[in-house]
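Remember, predicted model here, so these are calculated numbers, not experimental data. No hydrogens, no waters, no symmetry mates; every other heavy atom, side chains included, goes into these values.
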Amino acid sequence: LRLAQQNNMENDLMSLALSSTPSNMNQAARYYEQNEQFARAVTLYQKAGNVSRALELCFKAELFDSLRKIADDLNADCDPEVLARCAEFFMQHEQHDK
């Protein structure tokens, strides 16, 4: 992962991270976040189990489709505040179909 980051091998980094450990996924996600590739960072954060960070990036970068995918994966056991926040965000941005 480190070599892919140092050599700006963006696609290779994503492939390696997705097949790696949650710790490595979070590391790669931070790299993508620092390079303003928010959609990739969200994907990695979510897959690593860091859903709260993935949600924060979705809100920050207005990634409606990524947020919808995360919201679709939420279940009855999730924090009701998370659901309310997602719903409020979609309504504020007139994404009523989401």
Side-chain angles (χ1 to χ4, degrees):
L1 291 176
R2 185 176 44 80
L3 289 174
Q5 288 176 352
Q6 290 173 345
N7 293 294
N8 296 321
M9 301 170 72
E10 311 287 328
N11 293 327
D12 293 325
L13 175 61
M14 189 69 175
S15 296
L16 289 168
L18 285 169
S19 62
S20 191
T21 65
S23 175
N24 285 335
M25 286 182 210
N26 279 314
Q27 177 188 354
R30 283 189 297 275
Y31 168 83
Y32 283 121
E33 186 176 351
Q34 290 169 352
N35 288 287
E36 298 184 358
Q37 295 184 39
F38 299 120
R40 287 182 173 196
V42 165
T43 298
L44 289 170
Y45 280 133
Q46 183 183 12
K47 187 157 167 67
N50 194 349
V51 177
S52 61
R53 186 64 193 142
L55 286 170
E56 288 299 321
L57 273 182
C58 286
F59 296 141
K60 176 183 174 182
E62 297 185 356
L63 300 174
F64 301 112
D65 290 333
S66 296
L67 181 58
R68 189 173 127 239
K69 289 176 188 173
I70 293 171
D72 286 346
D73 289 343
L74 298 175
N75 57 34
D77 297 330
C78 79
D79 184 350
E81 280 187 39
V82 171
L83 287 175
R85 192 161 176 212
C86 290
E88 180 182 334
F89 183 80
F90 284 134
M91 296 302 287
Q92 285 177 348
H93 292 88
E94 299 180 7
Q95 299 289 312
H96 304 287
D97 63 320
K98 308 278 192 227

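- Each of Tyr45 and Met25 belongs to its own hydrophobic cluster when Ile, Leu, Val, Met, Phe, Trp and Tyr are linked at side-chain heavy-atom distances under 4.5 angstrom.
- Take Glu10 and apply the side chain to side chain contact (heavy atoms under 4.5 Å, CB included) test, not counting sequence neighbours, and it matches Asn8, Tyr31, Tyr32, Gln37, Arg40.
- Smallest separation of non-hydrogen atoms from Ala4 and Leu16: CB-CD1, 4.4 Å.
- Under the 4.5 Å side-chain heavy-atom criterion for grouping Ile, Leu, Val, Met, Phe, Trp and Tyr, Val51 is connected to Leu63 within one hydrophobic cluster.
- The local environment of CD in Gln6 is crowded, with over 12 non-hydrogen atoms from other residues, nucleotides or ligands closer than 6.0 Å.
- Legend: residues meeting side chain to side chain contact (heavy atoms under 4.5 Å, CB included) with Gln34, ordered by chain and number and at least two apart, are absent.
- A continuous path of ILVMFWY side-chain contacts below 4.5 Å connects Phe64 to Leu57, so both sit in one hydrophobic cluster.
- For residues 15-30, no residue pair satisfies the salt bridge (Lys or Arg N to Asp or Glu O under 4.0 Å) rule, not counting sequence neighbours.
- Taking the side-chain hydrogen bond (donor to acceptor under 3.5 Å, both in side chains) definition, one finds that Gln46 meets it with Asp73, sequence neighbours left out.
- Identified under the salt bridge (Lys or Arg N to Asp or Glu O under 4.0 Å) test for residues 49-59, with sequence neighbours left out: Glu33-Arg53, Glu56-Arg85.
- Between the CG atom in Asn35 and the CG atom in Leu13 there is a gap of 9.5 Å [rounded to 0.5 Å].
- The side chain to side chain contact (heavy atoms under 4.5 Å, CB included) search around Ala17 returns Leu1, Ala28, Leu44, not counting sequence neighbours.
- The CG atom of Asn7 lies 10.0 Å from the CZ atom of Arg2; values are rounded to the nearest 0.5 Å.
- The distance from the NZ atom of Lys47 to the OG1 atom of Thr43 is 10.5 Å, given to the nearest 0.5 Å.
- Listed by chain and residue number, Ser23, Asn24 satisfy the side chain to side chain contact (heavy atoms under 4.5 Å, CB included) test with Thr21 (two or more places apart in sequence, or in another chain).
- Heavy-atom minimum distance, Ile70 versus Cys58: CD1-SG, 3.9 Å.
- Through direct or indirect side-chain contacts shorter than 4.5 Å among Ile, Leu, Val, Met, Phe, Trp and Tyr, Met9 is connected to no other residue.
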